[in-house]
Structures are given as structure tokens and as C-alpha cells.
Amino acid sequence: MANGKHANDIYGNLDDPRSAEAEDRPATPAATVVLLRDTDDGPEVLMLRKNSKIAFGGMWVFPGGRIDPGDYPADGDKDTAARNAAAREAAEEAGVDLDPADFIWFAHWTPPPTTPVRFATWFFAARAGDQAIDIDGGEIEDHRWIRPADALAKHAEGEIDVVPPTWVTLYHLSLYQPVDGLLRELASRDARFYETRAVKRADGVRVALWAGDAGYDDWDADREGSRHRLAMPEDGFTFENDVVDY
């Protein structure tokens, strides 16, 4: 099924998950913004479908992309650059004008060293305005407003494909409403840093591990103990967590 296969491919060859750890291959800085709006049925998030012929092709993502040199202010501040990049990408991909100052930074994701195309990504959230979405028709092929819980259900059914950071973000967003309450929750704490380690369990299932998981330090998905991970069999993802309060 689509919901596990493509995300697994993105993390590359996990037969020796630490093999690339010593390589001098830094991740490219990137940024994304999660746009939210209220509906009678709860908050919805804007998701975009990537062109199947480019990196992460066919995936459903939030507006975003790499941080360009022109996104940096004169003082070189990385936070400002990330905000500018997220706003610029939202304008290019979805045709919306946003104020980067309104963004709430809530997470930063770094993929494992085995990932062929690595982006270290700032994740921001913001309330959407009244502008109509106008996708570029090149890099982005489709868009939809969708409740986070519905997106997770469609992923489980194999209807949409997402990468682990998107999945975990949707899971987190599904826990709160309305949008004001969700944004207050994200703003109430420091941004969370996810340095992903991707490994295989003994049964061959790929697992993304994060700090606090019993197997994180030793890259061991079969170690007993605390859990902060996403198991990624091809028939659907399973989030296991008894470490972080979401």
C-alpha cells in the first residue's frame, strides 16, 4: 500500500543505519508553515500534493521548501530566514500572502544520515486568512483543506502518502481545537527538536526513533523500555509514545 512504502524509501537503506553517520553531509536548511482554519467540524489544515516527478513526489505536504540565501536578513539570523522562507514558499506554492511575524515555531526536524535527500526543517503554524488557494501547477499538483484526524485516516487507508514528520504533526494537531486553542498550545512551550534515527525491527519493519525511546541511543528498535517512535509497516503507521506529553 502507498501509505508506508514511499515514506520508507525516503529514509534510504537501513541495513546499516549508522553507515552515513560519519559523512560530512549536512542537511539543507528548510522551513514549512502549517496553515489552519476553523470549520463547524473542527480545525482544518492546508495540504499540498507534490508533483510526482520531483523530490518527495506524490507526497502530501505543508507549504514549504529550502531556505534560500535571499531569505536571510542582514544579521544572518536563522529564525528570521526560516520564517521568510516559509512565507515565500507559501506564496509560491499556494498563492497566499502571510506575515512571518505571525508564525509560531513549534518543531524542528532533522532526518537520519541514511536519507538521500536531507532537509533540516523548521515547522511553523499560523491561522490562514481568507485568500483563495492558488497552487502553482508545477511543483504542486493539488491541494485540499482537511481535518488532521481525517488526513491520518486517509493515510491509514492508503489514500494519501505522507512522511513521518508530517504524520506526527497531523497527530499532534488532531488533539486540539479550535484553532485559537491549538495555536495557544503550540505557543505555550518551546519548539521540540526531532533528530530522527531510522532503523529496522527484527521483523523487518522500519521504525523512526526519537530522543527518550529506549532504543534511541543504541539504534535498537527491539530494545525493551520507554517508547517515542513511529513504526512504519506498509499497511499503516503506529505511533508509540510514553515519553513526550503531546
Side-chain angles (χ1 to χ4, degrees), residues 4 6-12 14 17-18 20-21 25-34 45 47 55-56 59-67 78-79 81-83 85-86 103-125 148 151-152 155 161-176 182 185-201 205-221 223 225-232 237-246:
H6 292 168
N8 282 337
D9 291 343
I10 284 172
Y11 282 155
L14 298 187
R18 289 192 252 190
E21 195 173 18
R25 192 168 57 89
T28 300
T32 188
V33 58
V34 178
V45 60
M47 300 197 72
F56 305 104
M59 293 285 181
W60 285 88
V61 299
F62 309 119
R66 72 179 65 230
I67 300 175
K78 292 181 179 179
D79 177 74
R83 291 171 179 273
F103 295 174
I104 295 171
W105 177 33
F106 66 93
H108 185 277
W109 289 80
T110 303
T114 50
T115 309
V117 181
R118 302 182 72 222
F119 291 98
T121 307
W122 278 256
F123 272 63
F124 298 101
L152 293 174
H155 177 264
D161 212 354
V162 301
V163 293
T166 304
W167 196 100
V168 174
T169 299
L170 289 167
Y171 171 82
H172 192 178
L173 298 177
S174 73
L175 302 179
Y176 301 95
L182 198 163
E185 169 62 23
L186 295 180
S188 69
R189 54 172 178 75
D190 294 335
R192 290 187 176 130
F193 285 77
Y194 296 84
E195 303 238 1
T196 304
R197 293 185 172 179
V199 297
K200 286 183 180 178
R201 290 193 320 220
V205 170
R206 296 187 175 202
V207 180
L209 304 174
W210 298 296
D213 190 281
Y216 183 81
D217 290 340
D218 296 327
W219 301 67
D220 183 359
R223 185 177 295 279
S226 58
R227 289 290 182 259
H228 189 202
R229 61 174 61 188
L230 188 67
M232 299 179 288
F237 291 177
T238 302
F239 186 56
E240 302 175 47
N241 168 56
D242 55 18
V243 174
V244 177
D245 182 9
Y246 284 89

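Position 1 is the first residue of the sequence; numbering continues from there.
Taking the six-membered ring for Trp and thresholds of 30 and 60 degrees, F123 and F62 have ring planes more than 60 degrees apart, a perpendicular arrangement.
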side-chain contact (heavy atoms from CB on, under 4.5 Å) between R227 and N241, worked out: CA-CA 5 Å; R227 289 290 182 259; N241 168 56; 6.0 Å; no
Yes or no on side-chain contact (heavy atoms from CB on, under 4.5 Å) for Y216 and E195, after CA distance, side-chain angles and deciding distance? CA-CA 10 Å; Y216 183 81; E195 303 238 1; 3.5 Å; yes
Carefully, step by step, assess L175 and E185 under the rule side-chain contact (heavy atoms from CB on, under 4.5 Å). CA-CA 10 Å; L175 302 179; E185 169 62 23; over 6 Å; no
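To the nearest 0.5 Å, the span separating NE2 on H155 from CZ on F237 amounts to 4.0 Å. Atom CZ of R201 and atom CE of M232 lie 10.0 Å apart (nearest 0.5 Å).
A125 and L186 make their closest contact through CB-CD1, 3.6 Å (heavy atoms, listed as atom of the first residue, atom of the second, distance). Of all heavy-atom pairs spanning V199 and A221, the tightest one is CG2-CB, 3.5 Å. Taking every heavy atom of both residues into account, A208 and T196 meet most closely at CB-CG2, 3.9 Å. Residues A86 and F124 share a closest heavy-atom pair of CB-CD1, 4.1 Å. Nearest approach of S226 to V243, heavy atoms of both residues: CB-CG2, 3.9 Å. When all heavy atoms of A82 and A31 are compared, the pair lying nearest together is O-CB, 3.2 Å.
Proximity of a side-chain donor or acceptor of T238 to a complementary backbone N or O of A231 within less than 3.5 Å is not detected. Looking at R229, its side chain never comes within 3.5 Å of a backbone N or O of D213 through a donor-acceptor pair.
Residues Y194 and H228 have side chains in contact (heavy-atom distance under 4.5 Å, counting atoms from C-beta outward). For the pair V162/M47, a side-chain contact is recorded, criterion being any heavy-atom separation below 4.5 Å from C-beta on. Residues V244 and W210 fail the side-chain proximity criterion, which asks for heavy atoms closer than 4.5 Å. Taking 4.5 Å as the limit, every side-chain heavy atom of W60 sits out of range of all side-chain heavy atoms of T166.
The environment of CG in D190 is sparse: at most 12 heavy-atom neighbours from other residues, nucleotides or ligands sit within 6.0 Å.
Side-chain atoms of T32 and W122 include no donor-acceptor pair closer than 3.5 Å.
Residues passing the side-chain hydrogen bond (donor to acceptor under 3.5 Å, both in side chains) test with R223, sequence neighbours excluded: D218. Considering only residues two or more places apart in sequence or on other chains, Y171 meets the side-chain hydrogen bond (donor to acceptor under 3.5 Å, both in side chains) condition with none of them.
Relative to the six-membered ring of F119, R66 misses at least one condition, a distance below 6.0 Å or an angle of at most 45° to the axis.
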May I have the list of side-chain donor-acceptor pairs in residues 104-111 shorter than 3.5 Å, sequence neighbours left out?
residue : atom : partner : partner atom : Å
W105    : NE1  : A107    : O            : 2.9

